[in-house]
Amino acid sequence: MFPGANADRARADYAIVGAPLDVSTSFRPGTRFGPRRTREFSEQFDDYDHHTGQQFTDLAVYDHGDVGPTADTDEYLTFLEGTVGDLADEGAVPLLLGGEHTVTVAAVRALDPDVFVCLDAHLDLRESYAGDTLSHATVTRHALASADRAVILGARTGSEAEWDRAAEGDVTVVPPAEVPDWTPSLDDERAYLSVDIDAADPGFAPGTGTPEPFGLDPSTMHEVLRAVAPHAIGFDVVEVNDRDDGQAATLAAKLLRTFVFAHADG
């Protein structure tokens, strides 16, 4: 169980769901261990948040445990979509712990946001990767089937076709150097906020499947989450694996807590 969370689903304002899918990882596998490691490395944190004056244990965070993957990714995403949708219908804000980034597709389908906001090193706008239309490299394209637009923060690589797609009017790409000065323009839009941990420079979070240099620093990611969280109807942090000494999992755990504190305070 995520430290500070509880098993009281009936009273939950937030619901953590582990989604340890590890199927389409194209370089370094291990995202199946992401939910477990993120929970483990969150044990060290103080309950109190000085930014908002809140205690994490007071915020009715329920840990649903992990939804174990099946052999069929499409089937798994359908089941995960149902789980996320049920929790949202019960009044909880879903918080997904990945797993590969593909799990985000299930949450976005369930919640149907107006805008998809994603911190990511990659554009993830491919139609398929290695013949797989449900690859982790297709997430933003799938998200745009539900959301009206996407904002990708920290992207610094992609195929030529992806950059062409990103130039269309429903996609905004904010390069790493400009993210510290970015402010959300969400008005009354319902946002879904996704954090691929590889948005961080690999010097800060080496434990991820496809590390990409020249990324974001944790303080910038922290400020983005505090700005977007009050507008969000769901959140995930994904692509943490077991290929480091806990740096990626520690950052992921702290960002999840940041989201909860900022959302509750907003």
Side-chain angles (χ1 to χ4, degrees), residues 1-7 12-22 30-52 54-67 92-101 103-104 107 118-121 153-154 193-209 211 215-229 232 234-265:
M1 183 176 293
F2 193 93
N6 60 64
D13 290 328
Y14 302 91
I16 296 172
V17 180
L21 186 67
D22 193 4
T31 55
R32 69 193 67 187
F33 303 114
R36 181 193 311 169
R37 284 176 69 83
T38 302
R39 290 183 176 100
E40 175 188 354
F41 282 91
S42 67
E43 293 177 2
Q44 62 178 314
F45 299 133
D46 288 324
D47 193 36
Y48 177 70
D49 176 59
H50 75 279
H51 291 288
T52 62
Q54 299 173 105
Q55 306 281 349
F56 191 81
T57 49
D58 290 340
L59 298 180
V61 181
Y62 159 69
D63 193 337
H64 185 75
D66 290 354
V67 176
V93 177
L95 313 170
L96 238 59
L97 287 179
E100 65 174 72
H101 206 171
V103 302
T104 299
C118 184
L119 287 82
D120 201 330
L153 303 164
L193 178 57
S194 177
V195 178
D196 185 327
I197 206 67
D198 70 23
D201 189 90
F204 297 111
T208 192
L216 301 175
D217 65 81
S219 294
T220 297
M221 298 172 75
H222 180 250
E223 292 306 311
V224 168
L225 262 67
R226 294 184 65 208
V228 177
F235 169 81
D236 66 57
V237 58
V238 298
E239 294 287 347
V240 172
N241 68 21
D242 61 340
R243 302 300 182 96
D244 66 5
D245 293 324
Q247 298 97 313
T250 299
L251 178 58
K254 195 69 171 183
L255 292 176
L256 184 146
R257 289 168 54 92
T258 294
F259 177 89
V260 173
F261 283 128
H263 187 278
D265 191 52

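All heavy atoms count here, side chains included; hydrogens, waters and symmetry mates do not. Values in this document were obtained by computation on a predicted structure and should not be read as measured data.
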Phe45 side chain reached by Thr250 side chain, heavy atoms, under 4.5 Å: yes

Side chain to side chain, Val195 and Phe235, heavy atoms closer than 4.5 Å: yes

Least distance between heavy atoms, Phe259 atom then Ala232 atom: CE1-CB, 3.6 Å

Distance, nearest 0.5 Å, that separates CG of Leu95 from NE2 of His64: 13.0 Å

Between CD on residue Gln54 and CG on residue Leu59, distance to nearest 0.5 Å: 5.0 Å

Gln55 versus Asp47, closest heavy-atom pair with distance: OE1-OD2, 3.0 Å

Presence of salt bridge, Arg37 and Glu40, under 4.0 angstrom: no

CA sep, side-chain torsions, deciding dist, call: Leu256, Ile16, side chain to side chain contact (heavy atoms under 4.5 Å, CB included): CA-CA 9 Å; Leu256 184 146; Ile16 296 172; 4.2 Å; yes

Parallel, tilted or perpendicular, as decided by the 30° and 60° cut-offs, for the rings of Phe261 and Phe56: perpendicular

Test item: Asp120 side-chain N/O and Asp196 main-chain N/O as donor-acceptor pair under 3.5 Å: no

Check: Tyr62 and Asn6 side chains under 4.5 Å, non-hydrogen atoms: yes

Beyond-backbone contact of Val237 with Leu97, side-chain heavy atoms, under 4.5 angstrom: yes

Nearest-0.5 Å distance, OG1 of residue Thr208 to CG of residue Asp198: 4.5 Å

More than 12 heavy atoms from other groups under 6.0 Å of CG on Asp58: yes

Gap separating the CG atom of Leu21 from the CD atom of Glu100, nearest 0.5 angstrom: 4.0 Å

Min side-chain heavy-atom separation Leu193-Leu119 under 4.5 Å: yes

Polar side-chain atom of Asp201 near backbone of Gly203 as donor-acceptor pair, under 3.5 Å: yes

Pairs satisfying side-chain hydrogen bond (donor to acceptor under 3.5 Å, both in side chains), at least one member in residues 251-264, at least two apart: Tyr14-His263

Considering all heavy atoms, the nearest Leu153-Leu216 contact: O-CD1, 4.3 Å

Within-4.5 Å side-chain heavy-atom neighbours: Leu96 and Val238: no

Arg39 versus Met1, closest heavy-atom pair with distance: CD-C, 3.9 Å

Contacts of Asp22 that satisfy salt bridge (charged side-chain N to carboxylate O under 4.0 Å, His left out) - sequence neighbours left out: Arg32

Distance, nearest 0.5 Å, that separates CZ of Phe204 from CD1 of Ile197: 12.0 Å

Closest heavy-atom pair and its distance - Thr104, Ser194: OG1-OG, 3.5 Å

Minimum heavy-atom distance His101-Glu239, with the two atoms named: N-OE2, 2.7 Å

CZ (Arg36) with more than 12 external heavy atoms under 6.0 Å: no

